[in-house]
Amino acid sequence: MGLKIYNSLSRQLEEFSPLKEGHVSMYSCGPTVYDYIHIGNARTALVTDIIRRYLTYKGYTVKLVQNLTDIDDKIIARAQTLGTSSSQLAHTNGEAYFEDTQRLGIQLADVHPKATEHIPEMIDLIQTLIDKGAAYVVDGSVYYRVNSFNEYGKLSRRKPEDLLAGARVEVDERKEDPRDFDMWKAAKPGEPYWDSPWGPGRPGWHIECSSMAMKHLGETIDIHAGGEDLLFPHHENEIAQSELATGKPFARYWVHVAFLKIDGTRMGKSEQNFIFLRDALDKYPAEVIRHFLISAHYRHPLDYSLESLQKSESALRRLKNCLETLKKYEEETPEVTDGNSSTPRDVSDADTDLLSAIKTMQSQFTDAMDNDFNTAQGMGTIFSLVSQINKALGTSNGVSDQTFTQAYKVLSETCQVLGIYTMDEQDTAGTAEFLNPLLELLLEIRQDARSQKDWDTSDKIRDRLKQLNIEIQDTHEGSTWKFVS
RNA sequence: GGUGGCGUAGCCAAGUGGUAAGGCACGAGUCUGCAAAACUCCUAUUCGUCGGUUCGAUUCCGACCGCCACCUCCA
C-alpha cells in the first residue's frame with residue numbers, strides 16, 4: 001500500500017505520487033517573525049518536519065522550503081512600540097525561531113527564504129499579473145483582480161456571494177471588488193519601503209509565498225503545508241496569483257494542520273492565550289512536547305494542558321526504559337563480524353516470535369503513516385512492540401542477544417522518524433561518568449549495611465541521595481542509580 | 001447567514017459495514033527488609049441522542065443536541 005495524503009483541494013484522501021519520481025518538493029508557510037512562536041505554531045512546523053522525515057524514510061529525496069515573513073504590518077507596529085527597526089526585530093525573532101524549533105528537534109529546511117530578500121521576484125510576479133490584466137494599480141498599491149481568475153474559491157469552496165454576505169469583508173473604496181487583495185502596499189510615511197514601478201512600498205503577504213515557493217521549487221510544487229487558518233484567504237490567494245501567472249497548478253497536495261487549542265478554544269496570538277514554545281521547552285524535554293503534539297492526528301484539533309504533557313512524559317518514560325534496556329544489550333553483545341553474517345545459529349521459538357512482532361510493527365507503522373501520516377496510530381504500533389519486548393525481556397525465555405539487537409535497531413529507527421528518541425547523550429552524561437565511581441562506592445557501603453540488616457544506614461544513603469535528585473533502584477541484579485528531576 | 005470539522009472508557013486518543021489500537025490514571029500482582037523504580041495483568045456488550053438503510057452500524061443516510069474553527073491579522 002502506498003502513501004495517501006488528504007488533499008484539502010479535493011477534500012479527499014489521494015494516492016501520493018510526486019511530479020518527479022523519487023523527489024518531493026514541499027513548501028511550508030513559516031512564521032511572521034514579530035514575536036516568539038507559541039506551541040500552536042510549533043505544531044504546524046512539527047507536522048511538516050515529520051512529513052519530511054517520513055518521506056525521507058520512505059526513500060524520497062525531499063526538498064523543503066519554509067519561508068520567513070519578515071516584513072508586515074505587525075512587525076512594523078511592534079518595532080515602533082519597542083523603539084527598534086522592523087528589520088532588527090525581524091532578525092532577532094527569526095533567529096529565535098530557529099533556536100526554538102531546533103530545540104524541538106525540528107530539522108532545518110533546505111531553504112528558509114526571507115520575504116525581504118525576494119522583493120525583485122515579487123515585483124516581477126506582480127508585473128506579470130498586471131500585464132495579464134489580473135491586477136490594477138491604485139495610489140501606489142497594486143491589487144489582485146479576483147474576478148480575473150474564474151477558479152477563485154476552489155480551495156476554500158467559497159462562492160463570491162458567500163464572501164460578500166459575510167459582511168466582515170474589509171471595505172475599501174479603492175478596490176473594484178471587496179474580494180480583491182493587495183499584492184503591493186504603498187508605504188505610509190515613516191514605514192520601511194522598497195522601490196517599485198508603482199512607487200515605494202512593500203509586498204503583500206500572499207505574493208511572498210507565491211513567489212518564494214516558485215523561485216525555490218518551481219511553478220508546480222508537490223506538497224504545500226500550513227495551518228488550517230491559512231486555507232482562506234492566504235492559500236486561496238496564493239493559488240489565484242500563481243496559477244493565473246503560470247497557467248499551471250500551483251500545489252498538487254494541500255496539507256492543512258488543525259489548531260492546537262487551550263481550554264477548548266484556539267490558541268492564538270490575538271487571543272492572548274498562547275504559551276511560547278521556548279517556555280514549554282524550559283519545562284519539558286523536547287521529546288515530551290513532540291510526543292504530545294503528535295498524539296493526535298494532525299487534522300484533528302488537540303487541546304493543550306499540563307495534564308496532557310504529563311501523560312506524554314509518562315508514556316515516553318515507558319518507551320525510553322525499553323529502549324535503554326535494549327541498548328545495554330547491544331553494548332554488551334560482541335558483534336559477530338566474521339565477514340559472513342549468514343552463519344546459521346539456533347533460533348528459538350521465542351526469537352521467532354519477537355522477530356515476527358518486530359516485522360509486524362514495521363509494517364503496521366508504515367501502514368499508519370501511509371494513511372495520511374497517522375502518527376497517533378503509528379505510536380500505537382510502537383507501544384505494542386514495547387509491550388512484547390518487555391515480556392521477552394522479563395521472561396528470559398531464550399531470546400537471543402541478536403534478536404534484541406535487532407529490536408533495538410528497528411525500534412529506535414522508527415522512533416526517530418517521529419523524532420521521539422534521540423540517541424544524543426544527555427548533557428548529564430559527563431557528570432554521570434565522573435560520579436559513577438563515587439556512587440558505586442556508596443552503593444557498596446549501602447549493600448554491606450543491608451547485608452547486616454542495618455536499615456538505618458541503608459535508608460539514610462537512599463534518602464539523602466534522593467534529596468540530591470539521585471534515585472537508587474534495587475533490582476534482583478543489584479542496585480543502580482540514576483538522575484531524576 | 002455561508003463553509004468545514006468534532007462528540008469513542010475516569011482522562012487523552014486511533015479505528016472499521018461484521019462486532020472497539022495505544023497511552024495515562026486506578027486496581028491487582030512480580031520484585032523488595034520496607035520503599036521507590038521497573039515490569040506483568042486487569043479496566044468500554046459499547047462508540048452524543050433519536051430514527052432509517054442493512055443479515056449486521058460505532059462505522060453509511062437523515063434529524064436533533066452539544067462543542068470548535070474559518071469567512072478579518074493569526075500556524
Side-chain angles (χ1 to χ4, degrees), chain A residues 8 11 28-32 34-35 37-48 72-74 77 153 156-159 161-170 179 205 225-234 236 256-261 264-271 274 291-292 295-297 299-303 305 307-319 321-322 325 364 368 371 374-387 389-391 393-395 450-451 453-455 458-459 462-463 466 471-477 479-482 484:
Chain A
S8 304
R11 307 263 166 105
S28 172
C29 283
T32 298
Y34 68 97
D35 205 345
I37 61 160
H38 62 240
I39 308 186
N41 300 312
R43 187 182 189 191
T44 306
L46 181 58
V47 168
T48 303
D72 97 315
D73 293 351
K74 284 191 174 176
S156 57
R157 310 269 164 112
R158 286 168 216 275
K159 300 183 190 76
E161 53 271 30
D162 297 339
L163 291 169
L164 298 175
R168 285 160 81 186
V169 177
E170 172 192 347
R179 297 174 301 158
W205 178 33
E228 63 176 341
D229 53 336
L230 299 189
L231 194 136
F232 188 88
H234 187 53
E236 191 73 66
H256 288 98
V257 181
F259 286 130
L260 183 69
K261 305 196 295 178
T265 56
R266 171 185 183 172
M267 182 181 287
K269 288 190 175 163
S270 337
E271 284 82 355
F274 55 84
H291 175 96
F292 162 67
S295 64
H297 184 91
R299 278 191 288 112
H300 291 310
L302 176 65
D303 214 321
S305 71
E307 200 193 343
S308 294
L309 244 26
Q310 280 157 5
K311 285 175 186 169
S312 286
E313 191 170 38
S314 301
L316 224 39
R317 192 158 43 224
R318 177 175 160 82
L319 215 206
N321 284 333
C322 177
T325 310
Q364 288 182 344
N371 189 214
N374 196 329
T375 51
Q377 197 174 26
M379 203 95 78
T381 68
I382 289 174
F383 277 92
S384 296
L385 179 61
V386 165
S387 176
I389 291 170
N390 282 337
K391 268 178 250 178
L393 244 17
T395 53
R450 294 178 75 204
S451 319
K453 297 193 193 298
D454 178 3
W455 309 129
S458 151
D459 290 350
R462 185 172 71 194
D463 296 344
K466 180 81 188 192
E471 187 174 85
I472 289 184
Q473 291 160 0
D474 296 326
T475 69
H476 34 280
E477 284 150 11
S479 304
T480 58
W481 67 277
K482 71 168 185 181
V484 291

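In what follows, every chain begins at residue 1, and chains take the letters A, B, ... in the order their sequences are listed.
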> Does the side chain of A:Ser479 come within less than 4.5 Å of A:Arg450's, by heavy atoms?
yes
> Can you measure A:His300 atom NE2 to B:G4 atom C1' for me and round it to whole angstrom units?
13 Å
> How close or far is atom C1' of B:A21 from atom CD1 of A:Ile382, stated in whole angstroms?
13 Å
> Can you find a donor-acceptor N/O pair under 3.5 angstrom joining the side chain of A:Arg462 to the base of B:A36?
no
> In whole Å, what separates the P atom of B:C34 from that of B:C24?
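Here B:C34 and B:C24 have their P atoms 26 Å from each other.
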> Just need the stems in RNA chain B: three or more back-to-back Watson-Crick or G-U pairs, each with both distances under 3.5 angstrom, sorted by first number.
B:1-7 with B:65-71, B:10-12 with B:22-24, B:27-30 with B:38-41, B:48-52 with B:60-64
> Quick check on B:A38: is either OP1 or OP2 less than 4.0 Å from any side-chain nitrogen or oxygen of A:Asn321?
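Result: yes.
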> Can you tell me, in whole Å, how much space there is between the P of B:C73 and that of B:A63?
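To the nearest whole Å, 33 Å.
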> Classify the ring geometry of A:His291 against A:Phe383: parallel below 30°, tilted from 30° to 60°, perpendicular beyond 60°.
perpendicular
> In whole Å, what is the span from the CG atom of A:Leu230 to the C1' atom of B:C73?
11 Å
> At under 4.0 Å between heavy atoms, what does A:Ala45 touch on the DNA or RNA strands: base, sugar-phosphate, or nothing?
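It contacts nothing in the nucleic acid.
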> Here's one to test your reading of the geometry: is the NZ or CZ of A:Arg43 within 45 degrees of the ring axis of A:Phe259 and under 6.0 Å from its centre?
no
> Is any side-chain heavy atom of A:Arg157 less than 4.5 Å from a side-chain heavy atom of A:Arg11?
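The answer is yes, as the side chains (C-beta and beyond) meet within the 4.5 Å cut-off.
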> Please report the distance separating the P of B:A28 from the corresponding atom of B:G62, rounded so that it comes out in whole Å.
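To the nearest whole Å, 49 Å.
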> Both A:Asn374 and A:Val257 contact RNA chain B. Taking the nearest nucleotide for each, which residue is further toward the 5' end?
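Nearest nucleotide further toward 5': that of A:Asn374.
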> What nucleic acid atoms does A:Thr265 come within less than 4.0 Å of, heavy atoms only: base, sugar-phosphate, or nothing?
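Result for A:Thr265 = sugar-phosphate.
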> Quick one: are A:Leu260 and A:Phe292 in side-chain contact, heavy atoms under 4.5 Å?
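They are in side-chain contact.
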> Give me the distance, rounded to whole Å, that separates B:A13 from B:G51 when you measure between the P atoms they each carry.
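Here B:A13 and B:G51 have their P atoms 29 Å from each other.
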> Looking only at N and O atoms, is any donor in the side chain of A:Asp459 or the base of B:G33 less than 3.5 Å from an acceptor on the other one?
yes
> Determine, for A:Lys466 against A:Asp463, whether the closest basic-nitrogen to carboxylate-oxygen distance falls under 4.0 angstrom.
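Answer for the salt bridge query: no.
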> Is the phosphate of B:C41, meaning OP1 or OP2, less than 4.0 Å from a side-chain N or O of A:Lys391?
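Looking at the OP1 and OP2 atoms of B:C41, one of them is under 4.0 Å from a side-chain N or O of A:Lys391.
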> Which one, B:A13, B:A36, B:A75, comes nearest to the side chain of A:Arg266?
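Given the options B:A13, B:A36, B:A75, the side chain of A:Arg266 is closest to B:A75.
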> What nucleotide among B:G33, B:A14, B:A69 has an atom nearest to a side-chain atom of A:Glu228?
B:A69
> Looking at residues at least two apart in the chain, or sitting in another chain, which of them share a side chain to side chain donor-acceptor pair (under 3.5 Å) with A:Asp454?
A:Thr457
> Look at the side chain of A:Arg158 and decide which nucleotide, out of B:C71, B:G33, B:A75, has an atom nearest to it.
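Nearest nucleotide to the side chain: B:C71.
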> Return the value, rounded to whole Å, for the distance between atom CZ of A:Phe259 and atom C1' of B:C70.
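Taking atom C1' of B:C70 as the reference, CZ of A:Phe259 is at 7 Å.
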> List in chain and number order the residues that pass salt bridge (Lys or Arg N to Asp or Glu O under 4.0 Å) with A:Asp72, two or more places apart in sequence or in another chain; answer none if no residue qualifies.
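Checked A:Asp72 against salt bridge (Lys or Arg N to Asp or Glu O under 4.0 Å); zero matches.
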> Can you pull every protein N or O that's under 3.5 Å from an N or O on nucleotides 22-27 of chain B?
unit_1 : atom_1 : unit_2   : atom_2 : d
B:G23  : OP1    : A:Arg318 : NH2    : 3.4

> What nucleic acid atoms does A:Ala376 come within less than 4.0 Å of, heavy atoms only: base, sugar-phosphate, or nothing?
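Base contact.
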> For B:U45 versus B:G1, give the span between their C1' atoms, rounded off to a whole number of Å.
44 Å
> At 4.0 Å (heavy atoms only), tell me whether A:Leu231 reaches a base, stays on the sugar-phosphate, or touches nothing.
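Since no nucleic acid heavy atom lies under 4.0 Å of A:Leu231, the category is nothing.
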> State whether the side chain of A:Ser314 and the backbone N or O of A:Gln310 hold a donor-acceptor pair below 3.5 Å, judged by distance alone.
yes
> Closer to the 5' end of RNA chain B via nearest nucleotide, is it A:Ile39 or A:Ser308?
A:Ser308
> For the residue pair A:Glu313 and A:Leu316, establish whether any side-chain heavy-atom pair is separated by less than 4.5 Å.
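Sidechains of A:Leu316 and A:Glu313: no contact.
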> Counting heavy atoms from C-beta on, name the nucleotide in B:A13, B:A36, B:C71 closest to the side chain of A:Phe232.
B:C71
> What is the distance, to the nearest angstrom, from the CD atom on A:Gln473 to the P atom on B:C39?
10 Å
> Which part of the nucleic acid does A:Gly40 contact within heavy-atom distance under 4.0 Å: base, sugar-phosphate only, or nothing?
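Answer is base: heavy atoms of A:Gly40 come under 4.0 Å of a base.
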> When the C1' atoms of B:G48 and B:G7 are considered, how many whole Å apart are they?
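Between the two C1' atoms, the distance is 6 Å.
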> Taking the same atom, C1', in B:A44 and in B:A14, what whole-Å distance lies between them?
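Approximately 15 Å lies between the C1' atom of B:A44 and that of B:A14.
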> Ignoring hydrogens and angles, answer whether the base of B:C73 and the side-chain atoms of A:Ser270 contain a donor-acceptor pair closer than 3.5 Å.
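Answer yes: a donor N or O sits under 3.5 Å from an acceptor.
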> Can you check the A:Tyr34 OH to B:A75 P distance for me, whole Å?
6 Å
> Name the closest nucleotide to the A:Asp229 side chain, picking from B:A69, B:C73, B:C70.
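When the side chain of A:Asp229 is considered, B:C70 is the closest of B:A69, B:C73, B:C70.
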> Between A:Thr381 and A:Ser384, is any side-chain donor less than 3.5 angstrom from a side-chain acceptor?
no
> Classify the nucleic acid contact of A:Lys453 as base, sugar-phosphate or nothing, counting any heavy atom under 4.0 Å across all strands shown.
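Result for A:Lys453 = nothing.
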> Could you state the atom-to-atom distance from CG of A:Asp303 to P of B:C67 in whole Å?
15 Å
> Rounding to an integer number of Å, can you tell me how far A:Lys261 NZ sits from B:C67 P?
12 Å
> Please report the distance separating the P of B:U43 from the corresponding atom of B:A75, rounded so that it comes out in whole Å.
45 Å
> Is there a donor on the side chain of A:Asn390 or the base of B:A38 sitting less than 3.5 Å from an acceptor on the other?
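Under the 3.5 Å cut-off, the side chain and the base do not form any donor-acceptor pair.
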> If you compare every side-chain N and O of A:Arg11 against the phosphate oxygens of B:G5 (OP1, OP2), does one of them come in below 4.0 Å?
no
> Mind checking what makes side-chain contact (heavy atoms from CB on, under 4.5 Å) contact with A:Lys261, not counting sequence neighbours?
A:Pro301, A:Asp303
> A:Asp73: what forms a salt bridge (Lys or Arg N to Asp or Glu O under 4.0 Å) with it, not counting sequence neighbours?
A:Lys185, A:Arg202
